[in-house]
Every structure is written in C-alpha cells, then in structure tokens.
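Computed over heavy atoms, backbone and side chain alike; hydrogens, waters and symmetry mates excluded. Numbered from 1 within each chain, the chains take letters A, B, ... in sequence-line order.
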There are 2 protein chains.
Amino acid sequence: MTPALKDLYVQKDKMYVATDCIIFGFDAGKLKLLVFKRRVEPFLGAWSLIGSFVRMEEDVSEAAKRVLTEITGLDNVFMEQLKAYGLANRDPGYRCVSIAQFALIRIDDYDKELTETHGAHWFELNELPELVLDHGQMVEDAMARLKRKARYQPIGFELLPEKFTIPQLQSLYEAIYQKKLDDRNFRKKLMTLGLLIKLNEKDKTTSRRGAFLYKFDYDNYQKLVKSGYNFEIA
Amino acid sequence: MTPALKDLYVQKDKMYVATDCIIFGFDAGKLKLLVFKRRVEPFLGAWSLIGSFVRMEEDVSEAAKRVLTEITGLDNVFMEQLKAYGLANRDPGYRCVSIAQFALIRIDDYDKELTETHGAHWFELNELPELVLDHGQMVEDAMARLKRKARYQPIGFELLPEKFTIPQLQSLYEAIYQKKLDDRNFRKKLMTLGLLIKLNEKDKTTSRRGAFLYKFDYDNYQKLVKSGYNFEIA
DNA sequence: ACAAAAGTGTTTTTTCTACACCCATGG
DNA sequence: CCATGGGTGTAGAAAAAACACTTTTGT
C-alpha cells in the first residue's frame with residue numbers, strides 16, 4: 001500500500017473486504033457452477049455465490065480456502081484469484097470490496113452432505129438463475145478466464161477425475177470452448193504433448209467397447225515448464 | 001459480497017483498501033516503469049509505486065484514476081486491474097488490502113512538472129531499485145501480464161505516440177518480449193492484420209531516409225473484434 | 001447381427017521461419 | 001559518395017484443418 005502524499009493527511013476509510021468463490025465443476029458433458037440459495041437476510045432466498053468476509057488475521061486467499069473447505073469438505077482444490085470487485089455501491093448495505101476467486105473441483109469427490117446443508121445447487125452455465133449483487137458479472141468474467149486459460153495451462157484436468165478417458169477430456173474442452181472439436185485432431189494433439197499416461201484400465205460406463213483411462217503427467221509437465229515449454233490445446 | 005452463514009454471526013472486520021499503480025512507459029527502445037521516492041514516513045526515502053487509499057464513496061477504479069491523474073496530469077490512460085494483494089501481514093503498519101492497477105502511458109505526453117513534484121522517476125525495468133512492501137512482486141506480476149497480453153490484444157499502441165513507425169513498433173515488441181524479432185516477418189504480420197493506417201508523413205528523426213508513420217485503426221479493430229476476430233502478434 | 005462409441009492416417013492448406021539485398025536521403 | 005536505417009519477397013518447414021472407415025463388445 002502506497003498512500004499518495006495527500007492521503008496521509010486525509011481520513012483513511014476502512015471497509016469490509018470479502019471473498020466470493022466461483023466454483024466450476026464438470027459432469028455429464030456439461031460445465032456447471034455451484035451456487036447457493038441464501039437462507040438469511042439480506043437477500044433471503046436469492047441465489048448467490050458462496051463467500052465470506054475476510055478476517056483481520058487471515059490472508060485473502062486463506063479466507064477463500066476456508067470457505068471452500070467449509071462448503072465442499074475438500075482441501076487442495078485448484079483456486080486462483082479472479083479479480084477484485086470494488087464499485088462503491090456494489091453492495092447496498094455497506095461499503096464492501098469483494099475479491100472473487102476462481103475454483104475448479106472434481107464434481108464427484110466433494111462432500112454432498114456438506115453442500116446440501118448450505119443450500120448448494122449445481123447449475124448448468126446456460127441455465128443459471130439470476131444472482132445477487134454483481135455475482136453474475138463475476139461468473140461471466142470467470143467463464144472468460146476459464147476459456148482463455150484452459151488453452152495455455154492444463155487446468156482442465158482439475159475438473160476431471162484423476163483417471164479419465166480421451167473422449168471425456170474432449171467433451172470437457174468442447175464444453176469450455178463451446179464448440180465441437182475434431183476427434184482425430186484432438187487425440188493426435190494430446191498424444192504429441194506427451195503429458196498423458198495411458199493406463200491398463202478401461203472405462204466401460206459409456207460404451208460396450210470401453211475407452212482407455214489416462215492420467216495427467218504432472219511431474220513431466222513441471223519439468224517441461226521449467227525448461228521453457230508452452231502448453232497449448234486449441 | 002456473500003457472507004458464509006456463520007459470518008453473519010461473527011464479527012466482521014474492517015480494513016483499509018488501497019490501490020497501487022504499476023505505470024509502464026516506453027522511451028528510446030526501452031520499457032520503463034514510473035516509481036516514486038517517498039518523502040514521508042513510513043518508508044521515508046524508499047522507492048515505491050504510487051498509490052492511495054480508496055475512499056468510502058469512490059470505486060476502486062476511480063481511486064486509481066484519481067491517483068494517475070494527480071500524478072501525470074493525464075486523463076484517458078489505459079488502465080486495468082492487475083489483481084488484489086491481500087496477505088494479512090503485507091503492510092506491517094496495519095491491515096490493508098491493495099488492488100494493483102496496470103497502466104500504460106505515452107511517455108512523451110505526461111506532465112513532467114507534476115511528476116517531479118511527486119518525486120517520480122522512470123526506471124528501466126532491469127535497473128529497478130528495491131521497492132517497498134510487496135511492490136516488487138506487483139511489478140513482476142504486471143510485467144508477466146504485459147507480456148502475455150501484448151500478444152493477444154493491441155495494448156502496445158497505448159505506449160506509443162498516436163503516430164508511430166513500424167521500426168518503433170517492432171522495438172517496442174522486442175522490449176516487451178525481450179527478444180529480437182525478424183524485421184520482414186514482423187512487418188508482414190502487421191500488414192496482413194489490416195489494422196494500421198499508413199500516413200503520408202515520415203518520421204525523419206532516426207534515419208535520413210525517414211520511416212512512414214502509421215496510426216492504429218481502432219474503429220476497424222472494434223468491428224473485427226465484434227465479428228469474433230482474434231488479434232495476435234507473436 | 002447390430003448399435004454405439006472408440007480408435008486410427010493421410011492429404012491439403014495455412015502459418016511460421018529463415019534468410020540477403022536494394023532504396024532513399026542528408027551530410 | 002557514402003553511411004545509415006527503411007523497406008521488400010521467396011522457399012522450405014511445421015502446424016492446423018479437413019475428412020471416413022474399422023474395431024470392439026454387450027445385448
């Protein structure tokens with residue numbers, strides 16, 4: 001914080017600082033968002049992102065992790081800051097700046113009980129209800145970030161189970177980019193990356209023949225990144 | 001802002017919210033950063049980004065614009081939010097979250113008097129002094145953003161005068177990417193974009209022959225973006 | 001035997017890269 | 001007339017896009 005000179009002599013105003021989580025999941029070929037029905041005033045009954053005020057002694061990112069763990073029971077979730085929302089009148093109740101966080105979770109391994117006690121629901125992205133305050137804007141911005149980022153960083157894998165099939169991966173990318181991709185080119189591209197480990201198991205839930213399962217090779221990816229490698233999945 | 005349920009019953013803490021500006025300029029083939037020598041405690045005499053506390057009645061982005069205008073005398077400067085810095089102990093004096101802003105200015109048309117009265121200096125990026133608090137991190141993050149963003153959005157033009165030559169533009173991109181680019185390929189690439197308007201004037205300050213001046217075609221760019229166009233300058 | 005999804009190669013087109021010489025001008 | 005930076009084209013390599021059929025297997 002670097003106050004401009006004159007600010008040293010004017011009143012410094014204190015505000016609430018909050019954090020809101022935009023939580024993406026992927027299920028049955030659809031991108032989904034975890035939103036919450038508020039059970040208290042203000043905005044009782046309205047849909048909203050989950051969030052919390054940031055406490056005096058915690059980092060903003062810690063506050064976000066705390067919320068995510070309370071809600072999903074998960075630790076080690078992929079999360080990064082989206083941006084701060086700081087319109088003076090964004091919350092009619094009181095001045096509050098919110099720092100939105102962008103999270104990706106494996107939809108199958110979160111704690112359903114926990115979420116249900118919090119009034120959580122998964123919505124498909126194009127079937128989202130109206131959200132309170134500027135939360136709709138946050139979701140829109142997060143979606144744009146996801147689209148851009150999925151291309152250059154292997155964050156898509158955060159949305160899939162640890163073991164996944166190529167067709168699953170493709171349908172995820174199709175959901176993110178909102179367009180159909182060519183099977184052969186997609187598979188070829190991925191294989192040439194050398195970042196998938198083929199397992200000796202098949203997933204037979206979607207076809208009689210079954211599709212081979214793969215794991216993402218995080219170790220190799222880390223190495224490649226260090227040596228100046230640029231991931232890209234169009 | 002979406003408080004988690006339990007937060008409604010716990011104390012809500014108020015904090016200072018500040019904004020700090022990472023101001024880039026480009027001059028004589030070098031990327032530069034505007035930093036300030038502090039003339040008051042705390043950190044008297046240390047180098048720092050310029051910033052301000054956000055006031056109760058102003059948007060965070062307004063606060064940043066206010067600072068920028070106070071310092072440079074310029075309005076309509078390219079500025080966008082970088083991200084929020086929210087470590088609990090980032091400022092030893094008191095809890096303060098800072099929202100860093102990323103600004104690009106045309107180095108020739110800012111008000112030199114104004115900046116000098118504020119203790120401002122332009123530093124080349126690889127000759128930066130130590131900065132207070134987490135400002136060094138902010139600069140590093142901003143530089144990464146500039147590198148990434150210059151490739152996909154025509155923000156480079158914000159750093160050049162309205163009329164510029166191709167060699168000038170190339171040297172800007174070379175400074176941003178920190179590598180030499182091929183003259184012919186660079187020029188070819190730009191020409192095929194169809195976003196430069198060639199003027200009937202030459203800049204003769206750098207060669208006897210003189211280089212034609214160009215303007216960026218913002219109108220056409222807007223149109224192309226709307227029709228789904230993707231800008232790219234490698 | 002057949003439905004339904006998984007898996008496989010080749011050709012064409014486009015984009016990227018590397019590379020060397022002439023031009024215009026002011027001094 | 002010459003030093004200096006401005007400006008131009010082409011060929012080879014690499015990457016992206018288009019495209020259709022065979023395989024497996026549970027029912």
Side-chain angles (χ1 to χ4, degrees), chain A residues 26-30 150-152 160-161 163-215 224 228-234, chain B residues 27-30 150-152 160-161 163-175 177-215 224 228-234:
Chain A
F26 179 68
D27 191 35
K30 303 283 186 183
R151 216 180 157 111
Y152 304 106
L160 293 175
K163 300 173 183 183
F164 53 85
T165 68
I166 304 288
Q168 258 182 298
L169 184 59
Q170 182 174 342
S171 91
L172 169 61
Y173 273 91
E174 289 177 342
I176 293 175
Y177 297 154
Q178 294 168 313
K179 70 171 181 188
K180 195 100 188 62
L181 302 174
D182 181 280
D183 312 18
R184 284 165 288 185
N185 293 339
F186 182 81
R187 185 180 291 264
K188 199 187 317 166
K189 185 69 190 282
L190 276 166
M191 291 316 175
T192 61
L193 293 179
L195 291 171
L196 296 187
I197 300 168
K198 186 172 184 173
L199 305 176
N200 273 326
E201 306 169 58
K202 283 190 165 188
D203 169 27
K204 298 211 151 197
T205 58
T206 54
S207 77
R208 312 198 195 284
R209 180 182 180 180
F212 277 103
L213 288 163
Y214 291 80
K215 276 165 61 168
L224 287 171
Y229 171 80
N230 276 322
F231 177 93
E232 182 167 350
I233 296 184
Chain B
D27 190 34
K30 303 283 184 181
R151 217 181 158 108
Y152 304 106
L160 293 175
K163 301 173 182 180
F164 53 86
T165 67
I166 304 290
Q168 260 183 297
L169 185 60
Q170 182 174 342
S171 90
L172 169 60
Y173 273 91
E174 289 177 341
Y177 297 154
Q178 294 169 312
K179 70 172 182 189
K180 193 100 190 60
L181 301 175
D182 181 282
D183 312 18
R184 281 166 289 187
N185 293 339
F186 182 81
R187 186 180 292 264
K188 199 189 315 169
K189 186 68 189 286
L190 275 166
M191 290 316 174
T192 60
L193 293 179
L195 290 171
L196 296 187
I197 300 168
K198 185 173 185 173
L199 305 177
N200 273 326
E201 304 169 61
K202 283 190 166 188
D203 169 27
K204 299 212 153 197
T205 59
T206 54
S207 77
R208 311 195 195 288
R209 181 182 179 178
F212 277 104
L213 288 162
Y214 291 80
K215 279 166 57 170
L224 287 171
Y229 169 81
N230 276 322
F231 176 94
E232 182 166 350
I233 295 183

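A straight line from CZ of B:Phe186 to P of D:dG7 spans 12 Å, rounded to a whole angstrom. Look at NZ on B:Lys179: it is 12 Å from P on C:dC16, rounded to the nearest Å. Protein atom CE of B:Met191 is 13 Å distant from nucleotide atom P of D:dG6, rounded to whole Å. To the nearest angstrom, P of C:dC16 lies 10 Å from CG of B:Leu193. Separating the CG atom of A:Asp183 from the P atom of D:dA17 is a distance of 15 Å, rounded to the nearest angstrom. If you take NZ of A:Lys180 and P of D:dA17, they are 15 Å apart, rounded to a whole angstrom. Atom-to-atom, CG of A:Leu169 to P of C:dG7 comes out at 12 Å; the value is rounded to the nearest Å. We find that OH of A:Tyr214 is positioned 9 Å from C1' of C:dG7, with the value rounded to whole Å.
Here C:dT10 is the nucleotide among C:dT8, C:dA5, C:dT10 with the atom lying nearest to any side-chain atom of A:Lys188. Ranking D:dG5, D:dG7, C:dA6 by closeness to the A:Thr206 side chain, first place goes to C:dA6.
Nearer to the 5' terminus of DNA chain C, by closest-nucleotide assignment, is the contact made by A:Pro167 (compared with the other of A:Pro167 and B:Asn185). Ranked by how close their nearest DNA chain D nucleotide is to the 5' end, A:Arg184 and A:Arg208 are led by A:Arg184. Map B:Ser207 and B:Ala234 each onto its nearest nucleotide of DNA chain C; the residue landing nearer the 5' end is B:Ala234.
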Verdict with supporting geometry, A:Tyr152 and B:Tyr152, ring-ring contact (aromatic ring centres under 6.0 Å, His included) | CA-CA 13 Å; A:Tyr152 304 106; B:Tyr152 304 106; 5.7 Å; yes
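Considering every non-hydrogen atom in both B:Ala234 and B:Leu181, the closest pair reads O-CD2, 4.2 Å.
Contact of B:Lys189 with C:dT17 (side chain to base): no donor-acceptor pair of N or O atoms is detected under 3.5 Å. Counting distance only, with no hydrogens placed and no angle test, the side-chain atoms of B:Arg209 and the base atoms of C:dA24 include no donor-acceptor pair under 3.5 Å.
Counting non-hydrogen atoms of neighbouring residues, nucleotides and ligands closer than 6.0 angstrom, the NZ atom of A:Lys215 reaches no more than 12 such neighbours. Residue B:Lys163 places its NZ atom among 12 or fewer non-hydrogen atoms of other residues, nucleotides or ligands, all under 6.0 Å distant.
Contact annotation for B:Lys204: backbone-only contact, meaning every heavy-atom pair under 4.0 Å involves sugar-phosphate atoms and none involves a base. Using a 4.0 Å heavy-atom distance criterion, B:Asp182 is classed as a base contact.
To the nearest 0.5 angstrom, B:Asp27 atom CG is 11.0 Å from B:Leu160 atom CG.
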